[in-house]
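These notes are about the structure you will find just below.
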Amino acid sequence: MSERPSFYVTTPIYYVNDVPHIGHAYTTLACDVLARFKRLDGYNVMFLTGTDEHGQKVEKSAEAAGVDPQAFCDKVSARFNDLAQAMNFSNDQFIRTTEPRHKLAVQHLWRVLEEKGYIYADNYAGWYSVRDEAFYAESELMEGEGGAKLAPTGAAVEWVEEPSYFFKLSAFEDRLLELYDSQTDFVMPKSRLNEVRSFVAGGLQDLSISRTTFNWGVPVPDADGHIMYVWIDALTNYLTAIGYPDEAGQAYKDFWPADVHMVGKDILRFHAVYWPAFLMAAELPLPKRVFAHGWWTNEGQKISKSLGNVIDPFELIESYGLDAVRFFMLREVPFGNDGDFSRSAFIARCNADLANGMGNLSQRTLAMIFKNCDGSIPHPGILSNEDSELLNNIDSLLDEVRKHIDMQAFNRAFDAIWKQSAAADTYISSQEPWKLKKTDPDRMYTVLYVLAEVIRQLAILMQPIMPESACKVLDQLKIEDRAFTALGATGRLASGTVIDKPVGVFPRLELDAEESA
RNA sequence: GGCCGAGUAGCUCAGUUGGUUAGAGCAGUGGAAUCAUAAUCCAUGUGCCGGGGGUUCAAAUCCCUCCUCGGCUACCA
């Protein structure tokens with residue numbers, strides 16, 4: 001039955017000790033656009049996001065809050081779910097690592113790795129800072145007074161040892177290098193692949209994958225007191241969600257290996273080194289791509305809690321409207337680069353591309369149709385060269401957009417779409433339909449038909465990035481078939497369809513008085 | 001320190017394997033138009049393509065060197 005090709009895209013699972021911020025929204029948004037695009041393009045899509053809920057920090061936060069860890073997780077995880085709602089994300093699943101199915105999957109994977117001989121018991125030793133709750137490498141340490149060892153943060157460190165299970169990461173050095181060399185788009189952007197490659201080429205140590213110092217996590221099978229440490233627990237969520245360990249199940253067969261793991265650059269290594277090594281060890285297929293995107297700055301400044309300039313996505317949506325926020329984040333910056341979030345850039349971009357561009361194009365066209373064509377889509381006459389050229393360009397737009405989307409080059413994809421919007425404005429100027437009203441109404445009908453058809457296709461293509469706004473435009477045109485199969489000449493707009501009085505879809509944004517002051 | 005990458009118009013960036021007068025968007029300036037959310041269209045850039053040197057008939061594009069900025073350099077998601 002499932003003849004359709006599949007597409008599996010994931011966000012990282014977000015750590016519940018954190019509050020949702022623009023970074024989370026950004027990562028998931030990119031995945032949402034991919035997922036929506038692929039669905040419209042005929043794919044059977046699985047889009048996964050969720051929360052990572054284990055670990056010492058969560059255990060302590062819960063304790064500090066006076067609640068049990070599960071209750072704490074329930075509460076905080078819900079905030080990420082709220083974000084997904086607020087951002088209109090179309091995730092098919094929201095996974096939580098505290099779910100029973102996840103425990104099952106991770107423990108199964110552990111056993112497989114153990115059976116294959118890639119897990120062994122030893123002692124984990126290192127410089128630990130109680131204050132930072134973190135281990136530091138010898139090379140990271142600073143000299144304090146009297147030669148005392150200090151963490152880079154200035155905190156005191158002590159040498160601690162504890163029993164731990166290890167994963168034989170070192171055994172995968174060559175195979176990982178082979179992977180990077182043979183599949184050069186395994187990690188994107190390219191510069192990140194270089195970083196990952198040089199990291200691995202520098203030599204790999206085995207990985208500590210269990211702890212005995214806390215309880216809030218998945219127990220290691222048959223090893224009292226050992227709790228799985230973050231890597232193996234968190235990364236495995238990508239398998240859990242599609243039914244692992246049931247490798248014969250439909251979801252697993254349809255969706256593994258994943259097409260894209262979207263990650264922030266901070267967690268690239270775990271996805272581009274540890275994760276493929278785990279999978280190699282378990283003899284499971286590797287994901288096709290790990291994409292590491294960049295960070296946002298706020299008005300040119302690095303974002304940090306201590307600076308207090310964290311950007312709250314809920315507030316953004318409140319101030320500017322959801323679709324404008326979605327559009328700006330993926331249109332403004334080449335995906336993979338860092339970008340700056342400034343109010344002036346936001347307003348400039350949205351006014352230029354949305355209000356003045358796509359919005360005005362749609363409004364002026366539909367208003368002319370509404371007023372001059374008895375409120376219905378006019379019948380086109382014989383097409384002129386200009387008509388055909390515009391239509392041909394719009395008919396072939398999907399191919400170009402798809403090419404960029406498949407490379408996660410969102411800004412280029414939207415650039416291509418908006419170029420056609422601009423071409424339509426140019427076309428209006430050259431055709432001057434308002435003059436044709438008196439001189440040659442038939443020709444005016446043709447011009448307006450061509451424009452409405454262009455808008456139809458632009459709106460269909462806009463759906464992944466601005467679902468609500470695109471929907472409004474398509475509603476105004478009374479379009480029912482909105483999949484990509486309706487693009488091109490086969491789905492031409494039906495003449496005679498009665499439309500309503502058009503209403504603007506993209507409002508102009510104004511600088512607040514207080515801000516311009 | 002080592003490795004990697006980047007420095008191109010006021011701003012954000014494109015520039016495929018070296019090849020006609022180096023491009024786009026935004027901003028600016030001048031003009032046109034008036035269907036439309038005062039939106040749109042047209043015209044307009046003497047940019048040492050970071051500096052210097054080299055290879056070549058030919059370099060933003062290759063090599064060397066210097067300067068500046070950024071990233072990575074293992075267990076803080």
Side-chain angles (χ1 to χ4, degrees), chain A residues 12-18 23 52 54-55 57 124 126 128-129 132-137 139-140 151-153 155 164 166-167 169 189-209 211 229-231 233-235 263-271 273-274 292 294 331-334 337-340 342 344-345 348-349 351-372 411-412 415 418-419 422 424-437 444 447-448 451 502-509:
Chain A
I13 44 176
Y14 303 119
Y15 202 49
V16 289
N17 217 37
D18 211 349
D52 176 17
H54 289 138
K57 278 197 180 179
Y124 180 58
Y128 184 76
S129 157
D132 299 343
E133 293 174 20
F135 281 91
Y136 292 99
S139 58
E140 288 179 282
T153 57
S164 169
F166 283 81
F167 172 73
L169 183 63
K190 191 72 181 295
S191 56
R192 298 291 169 198
L193 178 72
N194 291 345
E195 286 181 10
V196 168
R197 197 190 185 290
S198 73
F199 171 76
V200 173
L204 292 174
Q205 294 172 19
D206 290 345
L207 207 60
S208 164
I209 52 172
R211 289 292 136 93
Y229 193 47
V230 51
W231 322 125
D233 176 354
L235 291 164
V263 300
K265 59 186 181 181
D266 56 327
I267 53 171
L268 176 60
R269 181 187 307 148
F270 315 132
H271 287 78
V273 181
Y274 302 170
R331 175 66 187 83
E332 181 72 2
V333 180
N337 292 8
D338 287 347
D340 182 45
S342 77
S344 62
R349 168 65 69 185
N351 280 346
D353 286 356
L354 300 183
N356 302 350
M358 199 70 81
N360 185 241
L361 171 66
S362 169
Q363 183 65 16
R364 66 197 302 207
T365 300
L366 295 186
M368 276 190 275
I369 290 174
F370 185 76
K371 278 192 225 164
N372 305 316
N411 63 315
R412 292 192 181 209
D415 193 52
W418 261 260
K419 268 204 168 60
D425 270 329
T426 306
Y427 170 86
I428 298 187
S429 296
S430 73
Q431 301 303 313
E432 302 180 302
W434 50 90
K435 284 187 182 167
L436 295 170
K437 180 162 61 173
M444 177 190 73
V447 169
L448 293 179
L451 285 166
V503 179
V505 173
F506 299 107
R508 278 186 74 71
L509 303 172

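Residue numbers begin at 1 in each chain, while the letters A, B, ... track the order of the sequences. The figures that follow rest on heavy atoms only: side chains count, while hydrogens, waters and symmetry mates do not.
Set against B:C26, B:C13, B:A74, the side chain of A:A352 has B:C26 as its closest nucleotide. Counting only heavy atoms from C-beta on, A:N194 has its side chain closest to B:C4 among B:C75, B:C4, B:A24. For A:R412, counting side-chain heavy atoms from C-beta on, the closest listed nucleotide (B:A74, B:A14, B:C41) is B:A14. Among the nucleotides B:G71, B:C13, B:C76, the one closest to any side-chain atom of A:R192 is B:G71. In the set B:A24, B:C42, B:U37, B:A24 carries the atom at the smallest distance from any side-chain atom of A:K419. Among the nucleotides B:C13, B:C76, B:U37, the one closest to the side chain of A:P334 is B:C13. In this structure, of B:U37, B:A24, B:C35, it is B:C35 that holds the atom nearest to the side chain of A:W434. Of the candidate nucleotides B:A74, B:C76, B:U37, B:A74 has the atom lying nearest to any side-chain atom of A:L169. Among B:A39, B:C75, B:C41, the nucleotide with an atom closest to any side-chain atom of A:D425 is B:C41.
With both ends at atom P, the span from B:U55 to B:A60 equals 16 Å, rounded to whole Å. Spacing of P atoms, B:U17 relative to B:G53, comes out at 27 Å, to the nearest Å. For the P atoms, the distance from B:U44 to B:C26 is 15 Å, rounded to whole Å. Rounded to the nearest Å, the gap between the C1' atom of B:U8 and that of B:U61 is 12 Å. Nucleotides B:G2 and B:G47 place their P atoms 37 Å apart, quoted to the nearest Å. Comparing the C1' positions of B:U68 and B:A14 gives an interatomic distance of 23 Å, to the nearest angstrom. Look at the C1' atom in both B:G10 and B:C66: the space between them is 28 Å, to the nearest Å. Atom name P, nucleotides B:A43 and B:A59: the rounded distance is 32 Å, in whole Å.
Applying the Watson-Crick and G-U wobble criteria (two distances, each under 3.5 Å), B:U44 pairs with B:G28. In this structure, B:C35 makes no Watson-Crick or G-U wobble pair, since no nucleotide meets both defining distances under 3.5 angstrom. Across all strands shown, the partner of B:G5 is B:C69, judged by Watson-Crick or G-U wobble contacts whose two distances both fall under 3.5 Å. Remark: B:U56 base-pairs with no nucleotide; criterion is Watson-Crick or G-U wobble with both hydrogen-bond distances under 3.5 Å. Look at B:U21: it lacks any Watson-Crick or wobble partner with both distances under 3.5 angstrom.
Across all strands, A:W231 comes closer than 4.0 Å to base atoms (heavy-atom distances). Among the atoms of the strands shown, none is found under 4.0 Å from any heavy atom of A:A348. A:F199 comes within 4.0 angstrom of a base, heavy atoms only. A:Y14 comes within 4.0 angstrom of no nucleic acid atom, judged by non-hydrogen atoms across all strands. In this structure, A:G359 reaches the bases: a heavy-atom distance under 4.0 Å links it to at least one base atom across the strands shown. Among the heavy atoms of the strands, none lies under 4.0 Å from A:K190. As judged by a 4.0 angstrom heavy-atom cut-off over every strand, A:S191 is placed among residues making no nucleic acid contact. Within 4.0 Å (heavy atoms only), A:V196 reaches no atom of the nucleic acid at all.
Distance, A:L509 CG to B:A38 P: 14 Å, rounded to whole Å. Rounded to whole angstrom, the span from the CD atom of A:E195 across to the P atom of B:A74 amounts to 13 Å. Taking atom CG on A:D266 and atom P on B:C75, their separation rounds to 15 Å, with Å as the unit. The CG-C1' distance, from A:N337 to B:A6, rounds to 10 Å in whole Å. Taking atom CZ of residue A:R331 and atom P of nucleotide B:C13, one finds them 12 Å apart after rounding to whole Å. Distance, A:R349 CZ to B:A27 C1': 13 Å, rounded to whole Å. A straight line from CD of A:Q431 to C1' of B:C42 spans 16 Å, rounded to a whole angstrom. Regarding A:R364, its CZ atom lies at a distance of 8 Å from the C1' atom of B:A39, rounded to whole Å.
Nearer to the 5' terminus of RNA chain B, by closest-nucleotide assignment, is the contact made by A:G203 (compared with the other of A:G203 and A:I13). Closest-nucleotide positions on RNA chain B for A:L204 and A:K265 were compared, and the one nearer the 5' end corresponds to A:K265.
Applying the 4.0 Å criterion to OP1 and OP2 of B:A36, one finds that A:K371 has a side-chain N or O inside that range. Between A:R508 and B:A39 there is a side-chain N or O to OP1 or OP2 distance below 4.0 Å. OP1 or OP2 of B:C76 has at least one side-chain nitrogen or oxygen of A:Y229 nearer than 4.0 Å.
With contacts defined as side-chain heavy-atom distances shorter than 4.5 Å, the pair A:H271/A:L235 qualifies. Here the side chains of A:E332 and A:N411 are not in contact, with every heavy-atom distance at 4.5 Å or above. Two residues are said to be in side-chain contact when any heavy atoms from C-beta on lie closer than 4.5 Å; A:T365 and A:I428 meet this criterion.
One distance of note links CG of A:L451 with CD of A:Q431; it measures 8.5 Å at 0.5 Å rounding. A:Y274 OH to A:W231 CH2: the interatomic distance, rounded to the nearest 0.5 Å, is 6.0 Å. Rounded to the nearest 0.5 angstrom, A:S342 OG and A:R349 CZ are separated by 11.5 Å. Put simply, CE on A:M368 and CE on A:M444 are 9.0 Å apart, with the number rounded to the nearest 0.5 Å. Distance CG/A:L448 to NZ/A:K371: 12.0 Å, rounded to 0.5 Å.
Nearest approach of A:G357 to A:D425, heavy atoms of both residues: O-OD2, 4.4 Å.
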